[in-house]
Each structure stands twice: as structure tokens, then as C-alpha cells.
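What follows is a single structure, written as C-alpha cells, with notes after it.
A quick note: this is a predicted structure, and the numbers were derived from the prediction, not measured.
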Amino acid sequence: ASSCLTCAAIAWGGKVQIPVPGAATSATLHTLAAAVCGMFLGPVDASIGAALHAAAWTREHCSVPSIPGGVGCGCGSGADDDGGGGGGDDDGDRFALLGYVLGMIPCAYVAGSAVGSS
């Protein structure tokens, strides 16, 4: 149950967008959510939840259109991730975001381990 809480918290943190003047993207609360869950739920449960979030995100944003449920970033599905309707390097954006989303797993583990060791 706590892993599901972590997954939901990280997903919610992605919905909160804070505009940063002069930056191409907005800041989100993904990392804060992963770190706080790691500190309160422990490194293992929080890491599992972050992995669940990464799997769900990958399935939603990086699936190969011709293979139901297939995974592979940079697939050229033609989806516009930024919701802007304009062009752009969406496949490159997805690949960069995948690294960020996968980074939530060690973030949760390290934050939970740091609190547990004190």
C-alpha cells in the first residue's frame, strides 16, 4: 500500500507545474515527492513505488504504437508530449524525460536511507 502511495504522490507532483522565468520548461514537484516518500515510508517501499511510477509513465509515453503495451522511447509515435500541438523533437523529449523519471527510484532510496541511518 505504501508503494502505491509513493507512485500516486510522484504522479501528483508532476501535475504541479511552477513556471520558471526564462526556462523552456516548468519546475515540478516530482523530486520532492520521491524524497519525502523515501524519508517517511522507507527506502525500499518508496523505491518500489517510484519504479511503479516509472513503469506506468513509460507505458503511457513511450509505447510502440504497433505493439500493444510495447516499450521503447524514441519510437516516433507522433504524439505531442508537451500538449502544445506544435512540432518539436518529441521523441528526444521523451528520451530525456525517461531518464528523469527513472531518477526518481534512486532519489527515493537515497532519501530513505539517509533518514534511516541517522
**Study point:** Residue pair Ala33 / Ala9: nearest heavy atoms and the distance that separates them
**Key:** CB-O, 3.5 Å

Study note, to complete from the structure: Shortest non-hydrogen pair, Ala34 vs Cys107, comes out as CB-SG, 4.0 Å

Review point. If we only count heavy atoms from C-beta on, is the Leu52 to Trp57 side-chain gap below 4.5 Å?
Key: no

**Study point:** Considering all heavy atoms, the nearest Ala50-Ala108 contact
**Key:** CB-CB, 4.5 Å

Exercise for review: Please list all pairs passing the side-chain hydrogen bond (donor to acceptor under 3.5 Å, both in side chains) test where one or both residues lie in residues 10-19, with sequence neighbours left out.
Suggested key: none

Review point. So do Val101 and Thr58 actually touch side chain to side chain, heavy atoms under 4.5 Å?
Key: no

Review point. Does any pair with a residue in residues 36-49 pass side-chain hydrogen bond (donor to acceptor under 3.5 Å, both in side chains), and if so which ones, sequence neighbours excluded?
Key: Ser2-Asp45

Check your understanding: Distance from Leu41 atom CG to Ser3 atom OG, nearest 0.5 Å?
Key -> 8.0 Å

Check your understanding: Taking atom CD1 of Ile18 and atom OG1 of Thr28, what is their separation to the nearest 0.5 Å?
Key -> 8.0 Å

Revision key, fill the gap. Between Ala111 and Ala35, the two heavy atoms sitting closest are CB-O, 3.5 Å

Check your understanding: Between atom CD1 of Ile105 and atom CD1 of Ile10, what is the distance when rounded to the nearest 0.5 Å?
Key -> 8.5 Å

Review point. How many angstroms lie between atom OG1 of Thr6 and atom NE2 of His53, to the nearest 0.5 angstrom?
Key: 11.0 Å

Check your understanding: Do Leu32 and Phe40 belong together in a cluster built from hydrophobic side chains that touch within less than 4.5 Å?
Key -> yes

